[in-house]
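Presented below is the structure to which this report refers.
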Amino acid sequence: MKKGLTALSPLILFVVMYLVTSIVAGDFYKVPITVAFMIASIYAIIIFNGRPLHKRIDTFSRGAGTSQMMLMLWIFVLAGAFANSAKAMGSIDATVNLALMLLPSQMLMAGLFLAVCFISLSIGTSVGSIVALTPIAAGIATETDTSIAMMTAIVVGGSFFGDNLSFISDTTIMATQTQGCRLSDKFRVNSFIVIPAAVVILLVYLVLGSEITSPQHIEQVQYIKVVPYIVVLITAISGMNVMAVLTVGIALTGIIGVADGSFDVYGWLGAMGQGITSMGELIIITMMAGGLLEIIRQNGGIDFIIQQLTRHISTKRGAELSIAALVTLVNLCTANNTVAILTVGNISKQIGDRYGVDNRKAASILDTFSCVTQGLIPYGAQLLMAAGLAEINPASIIPYQYYPMAIAVAALLSILLRYPRRYS
């Protein structure tokens, strides 16, 4: 018990250093998240006993530099380059003006949420949806004098709709593979749980959006400058790799921006450079989180969680709650919902089989609770990416994460009240 808590203590220290301190201070900008991660990382290396110092640092570095981590950093770099070059050539302003022109002001929040849900369901990735729509959401917030954190949260929340339900989402595929059920069956069960929550949140956004007032004068839309975002959305929906999508977007901002005189070639290169530099803090946080969480894993923190949660199961309801708690806690320790599902998938299958949990329901619980957790941790890739693009603190988004909170309630009720009946 003591060893397990010691293994998890770096994560506990980070939470205390960042979240608790910020809440007490009443300001999420008071404690830089990079400093909180640095202190927690140093502490993790110090308590990683039984190995020479250089071995502990190697373990930390290995976690910070995994292939999956490097892929995420590449996406951050390309996203920064695309977002800033699009901003410099006027693409964001043009797209925002188009949205303000097409949608009534009271429909802006609900319309944005619907758009993100559709796009994320089509492309099966929350990160891709966030990259495409966060700058537009931030622009709409500025133009309508609405909270940037709230508009950004709409994008992040809606992005998890597709991450949770899409047939091509890696979390959906991993959940069904580990539990031994078909994608279509898992989709059917999951729909009963989360679609009512999505409808409720859509109604909430309709009510909240009724107070938005669009600017009296909307500038004439320069349609040619909307093309980079349209192409990015279309190529993403068609299934193109997110890195290829962003590269195409960057190329289009350069071609159109130089052609219409928004900037010259050097201005384009400079805009990309500034965008990449703006992602520096995000990249540092991601790497330190990866190293910190690898030390927790190597120290037995995740094994400790699994052992503790599987000791006292006695009913089917308890088995389902244990599966939910397992994936939630492991997700907190890995900051990656796909990795969390992969880590606890086999043990969840054993728990489910032993206590008669329907495989389709188990897969839905795994996927839904992993998305809930990923949508509510300030050091997850999705919130970090959205915060970087919107130029706000990731923790400021969390209070507005209505959709992840709603599906958490819906999924918990589905366990406690035993629905959908057919699968419970």
Side-chain angles (χ1 to χ4, degrees), residues 32 34 65 69-101 127-143 148 151-152 155 215 217-238 240-287 381 384-394:
T34 46
M69 197 68 68
M70 290 299 104
L71 176 62
M72 189 58 64
L73 299 188
W74 261 114
I75 293 172
F76 290 166
V77 167
L78 291 171
F82 171 66
N84 208 58
S85 57
K87 181 180 180 180
M89 62 87 72
S91 184
I92 293 175
D93 291 338
T95 308
V96 168
N97 289 334
L98 180 62
L100 293 173
M101 184 182 73
V127 171
S129 308
I130 289 167
V131 167
L133 292 175
T134 296
I136 297 171
I140 291 174
T142 302
E143 289 294 323
I148 295 177
M151 295 300 281
T152 303
V155 173
H217 175 69
I218 299 173
E219 294 182 17
Q220 185 176 359
V221 179
Q222 296 177 282
Y223 292 99
I224 187 65
K225 293 187 176 182
V226 180
V227 170
Y229 270 108
I230 298 296
V231 171
V232 162
L233 291 176
I234 291 173
T235 52
I237 290 171
S238 69
M240 185 182 288
N241 179 278
V242 66
M243 291 176 66
V245 167
L246 291 170
T247 303
V248 170
I250 291 168
L252 282 173
T253 61
I255 293 168
I256 296 171
V258 171
D260 78 352
S262 297
F263 42 49
D264 57 18
V265 172
Y266 294 106
W268 177 48
L269 295 176
M272 283 193 289
Q274 289 173 5
I276 293 169
T277 303
S278 71
M279 290 286 162
E281 184 181 42
L282 178 58
I283 290 170
I284 291 168
I285 292 168
T286 303
M287 293 184 72
L384 288 174
M385 171 69 78
L389 293 171
E391 298 180 358
I392 56 177
N393 190 293

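- One finds the CG atom of L246 at 9.0 Å from the CG atom of N241 (value rounded to the nearest 0.5 Å).
- Exactly one of I136, L252, I234 qualifies for a side chain to side chain contact (heavy atoms under 4.5 Å, CB included) with Y229. That residue is I136.
- Proximity of M279 to V77: side-chain heavy atoms (C-beta onward) are nowhere separated by under 4.5 Å.
- Listed for the S91 side chain is a donor-acceptor partner under 3.5 Å among the backbone atoms of K225.
- Between atom CG of residue L282 and atom OG1 of residue T286 there is a gap of 4.5 Å, rounded to the nearest 0.5 Å.
- Residues T34 and E281 come closest through the heavy atom pair CG2-CG, 3.4 Å.
- Between A83 and P135 the shortest heavy-atom distance is CB-CG, 4.4 Å.
- With a 4.5 Å cut-off on side-chain heavy atoms, M272 and T253 do not count as touching.
- Looking at heavy atoms from C-beta onward, W268 lies in side-chain contact with I250 at the 4.5 angstrom threshold.
- With rounding to the nearest 0.5 angstrom, the CD1 atom of I92 is 11.0 Å from the CD1 atom of I140.
- A heavy-atom distance below 4.5 Å is not found between the side chains of N84 and S278.
- Atom CE in M243 sits 6.0 Å away from atom CG in L71 (nearest 0.5 Å).
- Side-chain atoms of M287 and L73, non-hydrogen and from C-beta on, do get closer than 4.5 Å to each other.
- The nearest pair of heavy atoms linking T235 to S238 is O-OG, 2.7 Å.
- When all heavy atoms of A141 and M151 are compared, the pair lying nearest together is CB-CG, 3.5 Å.
- Separating the CD1 atom in I255 from the CD1 atom in I224 is a distance of 10.5 Å, to the nearest 0.5 Å.
- Closest approach of G249 and P228 over heavy atoms only: O-CB, 4.5 Å.
- Formation of a donor-acceptor pair under 3.5 Å by the T134 side chain with backbone atoms of V131 is not found in this model.
- Here the CD1-OG1 distance, from I392 to T152, works out to 4.0 Å after rounding to the nearest 0.5 Å.
- The minimum heavy-atom distance between S129 and V155, with the atom names listed, is O-CG1, 4.2 Å.
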